[in-house]
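Reading through the structure tokens given below for one structure.
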Amino acid sequence: MSDVKRAMFVQLAVMGQSLSSPQRIELLDYLAQAERAVEELAQLSGLSVANTSRHLQQLKQAGLVSVRKDGKSRLYTLASDEVVRLMQQLRHTAQTHLAEVERLRNTLTPALHDDTLSQTALAARLHDDGLIVLDVRPAKEFACGHIVGAINIDPVQTQSTDDMVKRLRTLPKNKAIVAYCRGPFCVYAYEVVALLRQQGFNAQRLAEGFPEWKAAGLAFEQTA
């Protein structure tokens, strides 16, 4: 085996090792939604700031995240949409080869898995007046990027299920609704679609989340 090929395997192992921690994968998931400071990532993940920083340094060394300074803060983001596609492929491979992953997926309202809308199908209907695209992510993530024309319902700011139902009832019932959130394992869209259907709405879940939509080169916009 050539020295170049061995050296390449070493570099691939560096990237693989960076993904060997569930905490680092979780941090990548948060960074796929929006640029964030170390302190915010620590709060979201429940890790200490020092531990979060160490994980981010390892991800940076593997070329998966980039960092910029903003005053005294260091803001992290994904290095590119290639990282989203890498995580997407990792998830699909795990679903195919790890029975436990598929079992966990099926705990997320199994009845909704077979009734999803693909990215291609939604892209073709974006200008359909009879369709509402609902972004069910925190307002900061929505502002950093969302599907063109989507409206936002912040699940973090909603105090209770009753409060969420009240907000959903303000939507017109004569229109179809497609909801999406952070990704296919994010519970927000599952919960909202289930609530919408209970209220008599024609609602579906987008098969993927916003990061996958953006990485596919589909139309999005920002308000931040």
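Keep in mind that this is a model prediction, so the values were computed, not measured. Atom set for the values below is all heavy atoms of this structure, side chains included, hydrogens, waters and symmetry mates excluded.
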Q) Sequence neighbours excluded, which residues qualify as side chain to side chain donor-acceptor pair (under 3.5 Å) partners of Q198? A) none
Q.
How long is the straight-line distance from OG1 of T116 back to CG of L122, given to the nearest 0.5 Å?
A. 11.5 Å
Q.
According to side-chain contact (heavy atoms from CB on, under 4.5 Å), who are the partners of A150, at least two apart in sequence or on a separate chain?
A. V133, D135, F142, H146, I147, Y180
Q: Determine whether L104 and Y190 fall in the same hydrophobic cluster, where Ile, Leu, Val, Met, Phe, Trp and Tyr are linked whenever their side-chain heavy atoms lie under 4.5 Å apart.
A: no
(Q) Within the structure provided, determine whether L27 and Y76 are in side-chain contact (heavy-atom separation under 4.5 Å). (A) no
Q: Write down the atom of A139, the atom of N152, and the distance for their closest heavy-atom approach.
A: CA-OD1, 3.7 Å
Q) Can you tell which of Q95, R91, Q89, H97 makes a side chain to side chain donor-acceptor pair (under 3.5 Å) with T93? A) Q89
Q. Got a second to check how far T158's OG1 is from R167's CZ, nearest 0.5 Å?
A. 4.5 Å
(Q) Quick one, F201 and V192 - any side-chain contact, counting heavy atoms below 4.5 Å? (A) no
Q. Does a side-chain heavy-atom distance below 4.5 Å link Q88 with E208?
A. yes
**Q.** Path from V178 to F185 over hydrophobic side-chain contacts below 4.5 Å
**A.** no
Q: Please check if L206 and I132 belong to a single hydrophobic cluster, counting links between Ile, Leu, Val, Met, Phe, Trp and Tyr side chain heavy atoms closer than 4.5 Å.
A: no
Q) Does A143 offer a backbone N or O that forms a donor-acceptor pair with the side chain of Q222 under 3.5 Å? A) no
Q. Which pair of non-hydrogen atoms, one from P211 and one from V84, has the smallest distance, and what is that distance?
A. O-CG1, 3.5 Å
Q) Can you check whether A32's main-chain N or O pairs, donor with acceptor, with K214's side chain at less than 3.5 Å? A) no
Q. Would a distance-only check, ignoring hydrogens and angles, find a side-chain to backbone donor-acceptor pair under 3.5 Å from E212 to G209?
A. yes
Q.
According to a hydrophobic-cluster definition based on side-chain heavy atoms being under 4.5 Å apart (Ile, Leu, Val, Met, Phe, Trp, Tyr only), do I153 and L195 belong together?
A. yes
Q. Who are the side chain to side chain donor-acceptor pair (under 3.5 Å) partners of S21, not counting sequence neighbours?
A. Q23
**Q.** Smallest separation among heavy atoms of R125 and A176, with atom names
**A.** NH2-CB, 4.3 Å
Q: Please tell me if the side chains of V136 and V193 come closer than 4.5 Å, counting only heavy atoms from C-beta onward.
A: no
Q) What about L131 and L134, same hydrophobic cluster or not, with Ile/Leu/Val/Met/Phe/Trp/Tyr joined at side-chain heavy-atom distances under 4.5 Å? A) no
Q: Mind checking the CD-OG spacing from Q204 to S118? Nearest 0.5 Å is all I need.
A: 9.5 Å
**Q.** M87 CE to L19 CG distance, which is reported to the nearest 0.5 Å
**A.** 6.0 Å
(Q) I need the minimum non-hydrogen distance between P155 and P138, along with the two atoms involved. (A) CD-N, 3.9 Å
Per-pair distances, 0.1 Å, donor-acceptor, side chain in residues 7-18, under 3.5 Å, sequence neighbours excluded:
{"residue": "S18", "atom": "OG", "partner": "M15", "partner atom": "O", "Å": "2.5"}

Q.
Run the salt bridge (Lys or Arg N to Asp or Glu O under 4.0 Å) test against D163 and tell me which residues pass, sequence neighbours left out.
A. none
**Q.** Listed partners of V4 passing side-chain contact (heavy atoms from CB on, under 4.5 Å), at least two apart
**A.** S2
**Q.** Heavy-atom pair with the smallest gap, counting every atom of L117 and A121
**A.** CD1-CB, 3.7 Å
(Q) To the closest 0.5 Å, what do you measure between NZ (K60) and OG (S53)? (A) 11.0 Å
Q.
To check you understand the geometry: which heavy-atom pair defines the closest contact between A34 and C144, and what is its length?
A. CB-SG, 3.7 Å
Q: For E221, enumerate each residue passing the salt bridge (Lys or Arg N to Asp or Glu O under 4.0 Å) test, keeping only those at least two apart in sequence or located in another chain.
A: none
Q: Quick one: pull up CG in L90 and CG in L28 and give me the separation to the nearest 0.5 Å.
A: 10.0 Å
Q) Is it true that the NZ or CZ of R137 lies under 6.0 Å from the centre of Y188's six-membered ring and within 45 degrees of the ring axis? A) no
Q | With sequence neighbours excluded, residues passing side chain to side chain donor-acceptor pair (under 3.5 Å) with Q119 | A | none
(Q) Counting C-beta onward and ignoring hydrogens, is there a side-chain heavy-atom pair between R85 and E82 closer than 4.5 Å? (A) yes
Q: Apply salt bridge (Lys or Arg N to Asp or Glu O under 4.0 Å) to R169 and list each qualifying residue two or more places apart in sequence or on a separate chain.
A: none
Q) Residues in side chain to side chain donor-acceptor pair (under 3.5 Å) with E40, at least two apart? A) R36, K140
If you look only at distance, which donor and acceptor atoms sit under 3.5 Å apart when one is on a side chain in residues 61-73 and the other is two or more places apart or in another chain?
{"residue": "R68", "atom": "NE", "partner": "E35", "partner atom": "OE2", "Å": "2.8"}
{"residue": "R68", "atom": "NH2", "partner": "E35", "partner atom": "OE1", "Å": "2.9"}

**Q.** salt bridge (charged side-chain N to carboxylate O under 4.0 Å, His left out) contacts touching residues 175-187 (sequence neighbours left out)
**A.** E141-R182
Q. With a 4.5 Å limit on heavy-atom distance, are the side chains of L171 and I151 in contact?
A. yes
Q: Give the intermediate values and the outcome of side chain to side chain contact (heavy atoms under 4.5 Å, CB included) for residues L56 and L31.
A: CA-CA 11 Å; L56 289 168; L31 291 174; 4.1 Å; yes
